[in-house]
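Encoded as structure tokens, the structure appears first; notes follow it.
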Amino acid sequence: MKLKNIEETRKVGEFLGTIVKPYDCIALIGDLGSGKTTFTQAMAKGMGIDEVVSSATFTLINIYEGEIPLYHFDAYRLETPEAFYEIGGEEYIDAPGVSVIEWADLVMDALPEDLLILEWSRDSQEERSLTIEGTGSRSKELEKELKEFENHRL
Ligand SMILES: Nc1ncnc2c1ncn2[C@@H]1O[C@H](COP(=O)(O)OP(=O)(O)OP(=O)(O)O)[C@@H](O)[C@H]1O
Ligand SMILES: [Mg+2]
């Protein structure tokens, strides 16, 4: 899907935030500045979380309490699946919240089989391409809903 500007990124993120359920796991892959944190902030808004969502690059994980909690990971400095286990990543993944992992490609082996993978590429200053792939039954549902959202609402 093409995202023409940051507003479109936010719309898709906010929509995803309205349809996620406990245990959903979302992998964000893309270079520095591609929009992963921006997208996560919009998701949090869609989930009804009022708290300001900041970058998790230095904290590794930030937890936001909402009707459904949001576990926001940034694996940039973790680098390996082992490091993800060491910070207790698995316990969050198994808990009834929504997990979002930036730089998920670095820790892919530690993530569940049913995963919504969102991969970003930067086409210009403001334009992004986003590929969406669900790897299991629940994440394929989310994939379908995001693609319908693109067709009808974006
Ligand atoms: N269409 C767009 N979608 C998302 N961000 C955009 C878009 N156009 C411009 N931007 C800008 O790109 C930057 C994205 O930064 P963001 O922190 O979300 O990236 P990131 O992928 O989380 O980077 P990092 O890997 O460093 O964590 C912001 O400065 C934002 O304003
Ligand atoms: Mg980020």
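One-based numbering, in listed order, for ligands and for the atoms of each.
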Of all heavy-atom pairs between Thr18 and Gly46, which one has the smallest distance, and what is that distance?
CG2-O, 3.6 Å
Proximity of Leu28 to ligand 1 by residue part, where a heavy atom lies under 4.0 Å:
neither
Minimal non-hydrogen separation, Asp114 against Ser137, with atom names
OD2-N, 3.4 Å
If you measure from each non-hydrogen atom of Trp103 to ligand 1, which part falls under 4.0 Å: side chain, backbone, both or neither?
side chain
Closest to atom 16 (P) of ligand 1 among protein heavy atoms sits Thr38 OG1, 3.7 Å
Protein residue, atom and distance nearest to atom 19 (O) of ligand 1, heavy-atom basis
Gly35 N, 3.2 Å
Closest N/O/S atom of Glu102 to the Mg ion (ligand 2), by atom name?
OE1
Search all heavy atoms of Phe39 against all heavy atoms of Thr9 and return the closest pair with its distance.
CD1-O, 3.8 Å
Can you tell me which portion of Lys4 lies within the under-4.0 Å heavy-atom range of ligand 1? Options are side chain, backbone, both, or neither.
neither
In the protein, which heavy atom is nearest to atom 20 (P) of ligand 1, and how far is it?
Lys36 N, 3.5 Å
Closest protein heavy atom to atom 1 (N) of ligand 1, given as residue, atom name and distance to 0.1 Å
Glu126 O, 2.8 Å
Contact summary for Glu150 and Met1, nearest pair of heavy atoms:
OE2-CB, 3.4 Å
Do me a favour and list the nearest non-hydrogen protein atom to atom 4 (C) of ligand 1 with residue, atom name and distance?
Thr9 OG1, 3.6 Å
Could you walk me through whether Glu141 and Arg138 pass the salt bridge (charged side-chain N to carboxylate O under 4.0 Å, His left out) check?
CA-CA 5 Å; Glu141 256 175 56; Arg138 169 59 184 157; 2.9 Å; yes
List the closest protein heavy-atom neighbour of atom 14 (C) of ligand 1: residue, atom name, distance to the nearest 0.1 Å.
Gly33 O, 3.4 Å
Within-shell test, Glu127 vs ligand 1, heavy atom, strictly < 4.0 Å:
no
Could you check whether Lys36 makes a cation-pi contact with Trp120, meaning its NZ or CZ is under 6.0 Å from the centre of the six-membered ring and within 45° of the ring axis?
no
CD1-CG distance between Ile101 and Asp74, expressed to the nearest 0.5 angstrom
10.5 Å
Any nitrogen or oxygen of Asn5, main chain or side chain, under 3.5 Å from a nitrogen or oxygen of ligand 1?
yes
Does the side chain to side chain contact (heavy atoms under 4.5 Å, CB included) test come out yes or no for Ile68 and Asp24, once each step is laid out?
CA-CA 11 Å; Ile68 305 172; Asp24 284 342; over 6 Å; no
Counting only heavy atoms on the protein side, is anything nearer than 4.0 Å to atom 26 (O) of ligand 1?
yes
Which ligand 1 atoms are under 4.0 Å away from a heavy-atom of Asp31?
21 (O)
Closer than 4.0 angstrom: is that true for some heavy atom of Ser34 and an atom of ligand 1?
yes
Of all the non-hydrogen atoms in the protein, which one sits nearest to atom 30 (C) of ligand 1, and at what distance?
Ile6 CD1, 3.6 Å
Distance, nearest 0.5 Å, that separates CZ of Phe15 from CG of Leu146:
6.0 Å
To which of Gln41, Lys2, Arg128 does the heavy atom nearest atom 11 (C) of ligand 1 belong?
Arg128
Gly30 N/O to ligand 1 N/O under 3.5 Å:
no
Side chain or backbone of Thr37 under 4.0 Å from ligand 1, or both, or neither, by non-hydrogen atoms?
both
Could you pull out the closest heavy-atom pair between Glu126 and Arg128, with the gap in Å?
C-NH1, 3.7 Å
